Each structure stands twice: as structure tokens, then as C-alpha cells.
Novice: 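Below: one structure in C-alpha cells.
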Amino acid sequence: VEGTVELHVSNLFRRLSVFAGDCALDSLEEVCCDAEIPASEVVDLLSRLSDKSLLMPEPGRVGYRYRMLETLADYGRERLVESGEAEVLWRLHSDHFLKIAETAPHGRLAEERPNLARALDLLRSGRTEAALRLAVALIEFWDSAGPVKEARERLESLLAEVPAAPDLRARALDGAGWMAFRQGDMERARELFDQSRALLAPAGDSAELTRALSNLGLASFFVGECDLARDHLEESLRVGRGAGATKAMAGSLMVLALLAYFTGELDESEARAKESLELAQESGDTKLAGFRERGLGVIALERGDLARAARAFRHHRCIERGGSQAPFRRRIGVGEAAAKRAAHADRIMRAVARHDGEHGAHRVVGDRLGKRRAADGRDARPHLAAAGAAPRPLREAGWRVTARLGADAGAVIVNSCSVTHVADQKTRHLLRQARGTAPAATLALTVCLLETATAGEVEVLNTDMVYDQARQLDL
């Protein structure tokens, strides 16, 4: 390399090794350019590196990105350390990607995952508050992109190692709690949410405190402590009103709507969901608004008001698709969906009964809503606790509930969403893995797969129990 390129090209090559994977032109200019290598010359220098096959330009989301072969990058890093520039370049890289994490859209963050990970590692080695600041900036992206395990591990390790101001630490605790919640570790989630609440409370009402209390209420609800959940959620609303935290209040109201729904209080559930929808629309959050529209559709189905449910689901689909009326590959009419739900309830009963005794299966009725429905003379079967969302009644009935898939499993529950092609592929992979690992187990699927796949495709997957999206919350 040194013998075939002139000095400035060689210097740029050396500096480019600071990036992980590839980089965009704006990042390259921000990190690598200075008086010695001005930004006005960098495009020409990149072309020379490319001509000598030392750098590969590749189309990115916006413009080109530039990548080195790993062997060349290793060589460049050796030269970077020898030059004495390494410490300066690492700092510039970390500062730049902290700014990217705090300001860029998720599409850009997805492209920069290797560089963001490298920046986190560099900042963590220095044990500076900037490391926790970068992790906190990535919480929403991690939540949407899916690396929940990595996110929780990074946040918890940084919380243990890096000193930080109380407000930043509280946001990190809330984020770590949310990742624990996503993994189904409710007790740890509650601990982390409560620590976040304790740090935020002395400073008075804030959006962060509103969210921490809301999340604490949600986790309490998931472990069956409904009265405690309601207390946390009502307190969250009080704090949110004082802080003007519209978006966080919308979340609290939606959890209260779910709580009322599962305890059979449909009027309260509908009122809370409508108020949540109004606040979501006011805050401009179309994703949250779409979810609340769907919730109102589920309540209408519960009341038997199919026309109203149809309007809510159509509006939800319009919101989810940015105003487009493009159909799903297979659109299920609301009346047909209601009939399918009843059939699915019977199918679950038959499937569980078929395995009863043979695999030690137990039929479990949700302790709150199931008993209330039975007392009212309504069918409690749709509330079979056949999913991991209800671990306590399952354990009480003799099940050992675990997130690990083993050959001795009596039942395997896949709870997923296949709205996007990536999630659809994950769901199908999990089903095939479950059937291959535990062929004798009852296989339950609680997804919106029926909205994006034909019934025949579901049958091919050899699934014993299927619930469509309209009944996913019940299960």
C-alpha cells in the first residue's frame, strides 16, 4: 500500500480503518478530514483508493458507502496506531456516532449498527457518561430493530460500570427495564422501572417519570397484580398532566384500557382507549394511533358490533399503511374473522384435550376474565392460558414455563407478528424449529399471520392451535 499510493491517499486509507464495516461520505468527512486532508479533496482520494481495489464503494440508503476488506482494515489500524493519530480518530469517531444516534432516523441507524457498536465499546472502555448517553439514545432503535438481548446486556453493564447524572441514569434504567419486559423477565423489569421512578420522583413531574410509572403499571399488570397496576397507571396520568407529557399519557391510558378489558369492564375500556387515541393523534404518533384504533375494533367485536369493528380495523389499516388502501394478500372480513375466532377456541380445546394425559397437559382458564365470563354465562374458552403471557396460572396448573426450547416440551407457544416480511420469516423459522426440536409438543401460534397468509400455508406449518390478531390479547 505504502509503495503504490501517494502520501494523502495513504493517510486517508489509514484513517478509514477507524470505521467498522463501512461508512457514509458525511461520516468520512466528519471523522477523517482536516487541514491535511480537506473535505474538498476527499472524493478524488476515494476514487484513487477504489481504483487500486483498496476500497469498495457500495450503494447505500442515501448515496454511496465505502468498505474495506477486513484484512486491509487490520493493516490500516496497525498503521494508525504507529502514526500516533489513533486516540484522536477514536474520539472523533465516538463523538460523531453519538451525534448520529441522537439525531438520525432509524433507517440510518440500521446502516450504522457496526459503527454504533464500535463507538459504544470505545466509550465504555473510557467509562465516561457519554457511553450511557449513546446507549440511551439507541433504546428506541433497539426496541424497533429487535436486538433486545444485546440492548439489555449493554444497558445493564453500563449502569453497573459508568457513573452518570440521575436523569440520564433513570432513562437508562427505564430502557433496561423495557428490554427485560420484552424478554418476559417481569420481576427484573419491575425492579428497574422502580429504580428509575425513585431517581426521577424528587425532580417533580416529567415525561420520563410518567413513562416509568406507566411501565411499572404495565409490568405489574402482566404478573397479575391488577390493583397495584391501576395505582401506578393513575399516578402516571397525574404526573403526565402536570408535565404535559401527551405521548406518555397515551400509553398509560391504553394500558388502563387493556386492564379494564381483561376484567370485563368494556365501557371503561372503550373510554380509556378513545382518550388514548385522541392523545396519540394530538402527539402525531401514527403508530400508537393505529394500535388504539385496533383496540377499539377488538372492543366492538366483543360487543358483537361487527360494522363498527369493521370501520375501526379499516381505519387502523389505513393509518398503518400511511393512508394507503392497498389490500393485504388475504383480507379477512370482520364477520368471517368472528366466526374463525370461535372455531379457533374449539380447535384449542380439542388440541389440548388430545394431548391431555399423554403429555401431562392441563387446561387452564384465565383466573380473572375467565371466571367473570363463566359467572356471566359466557364462553370462557377463548381465555385458555395457553401462552407465556400468563405464566402464573400455567405454573399453578403444573406446567414448568421457560423461554428455552427443549425436546421434552409439552407445549410450545410462538407469540409473534408477521406484518413485515422479516418478522414473517422469523415466525416461520421458529415454527419449523419448534416442530423439529419438540415434535410431540402441542404447537400454538398467536399472531396476525392469518391476515398475511392463507389458511393452507398455516396448515403446512403443522400448527396445532392458531389465534388471529383479534384474539391475540385474549390469549
Side-chain angles (χ1 to χ4, degrees), residues 142 144-153 179-186 328-330 332 340-341 343-364 381-382 384-395 397-475:
W142 280 333
S144 63
V148 174
K149 182 174 182 292
E150 175 195 352
R152 181 181 174 186
E153 289 174 351
M179 300 306 164
F181 176 86
R182 289 278 310 273
Q183 290 183 306
D185 188 351
M186 297 301 160
F328 288 99
R329 283 181 293 165
R330 179 171 182 264
I332 299 178
K340 283 183 180 292
R341 291 201 320 278
H344 294 160
D346 291 336
R347 189 175 184 185
I348 286 179
M349 290 294 286
R350 289 197 304 272
V352 175
R354 184 171 67 250
H355 289 270
D356 218 349
E358 183 181 352
H359 298 291
H362 296 266
R363 285 175 291 174
V364 184
R381 288 179 297 176
L384 271 166
R392 181 173 295 175
L394 283 171
R395 290 193 179 99
W399 286 95
R400 179 174 63 86
V401 181
T402 177
R404 297 183 181 275
L405 178 62
D408 60 341
V412 179
I413 299 95
V414 177
N415 183 22
S416 185
C417 176
S418 60
V419 170
T420 68
H421 72 282
V422 175
D424 184 76
Q425 290 170 359
K426 281 186 176 181
T427 299
R428 294 172 189 278
H429 169 73
L430 284 171
L431 290 170
R432 287 191 294 269
Q433 182 184 28
R435 184 55 76 206
T437 303
T442 300
L443 183 57
L445 179 64
T446 65
V447 295
C448 51
L449 184 68
L450 292 181
E451 294 177 345
T452 58
T454 67
E457 287 173 321
V458 174
E459 290 296 330
V460 167
L461 294 171
N462 197 17
T463 306
D464 298 311
M465 305 180 237
V466 180
Y467 257 40
D468 65 9
Q469 183 72 7
R471 280 299 187 193
Q472 187 176 358
L473 292 178
D474 290 353
L475 192 58

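Position 1 is the first residue of the sequence, and the numbers go up from there. The model shown is predicted, which means the values in this text are computed figures rather than measured ones.
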Novice: Check whether any side-chain heavy atom of Asp185 lies under 4.5 Å from a side-chain heavy atom of Arg152, and answer yes or no.
Specialist: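 Answer yes - side chains close enough.
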Novice: What pair of heavy atoms forms the shortest contact from Val148 to Met179, and how long is it?
Specialist: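 So the minimum-distance heavy-atom pair works out to CG1-O, 3.4 Å.
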Novice: Testing the basics here: between Ala438 and Ala409, what is the closest heavy-atom pair and its distance to 0.1 Å?
Specialist: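 Looking at all heavy atoms of both residues, the closest pair is CB-CB, 4.1 Å.
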Novice: How long is the span from the CG atom in Leu430 to the OG1 atom in Thr437, to the nearest 0.5 Å?
Specialist: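 Leu430 CG to Thr437 OG1: 10.5 Å, rounded to 0.5 Å.
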Novice: Of the non-hydrogen atoms in Trp142 and Pro147, which two are nearest, and what is the gap between them?
Specialist: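 Smallest heavy-atom distance, with atoms named: O-CD, 3.4 Å.
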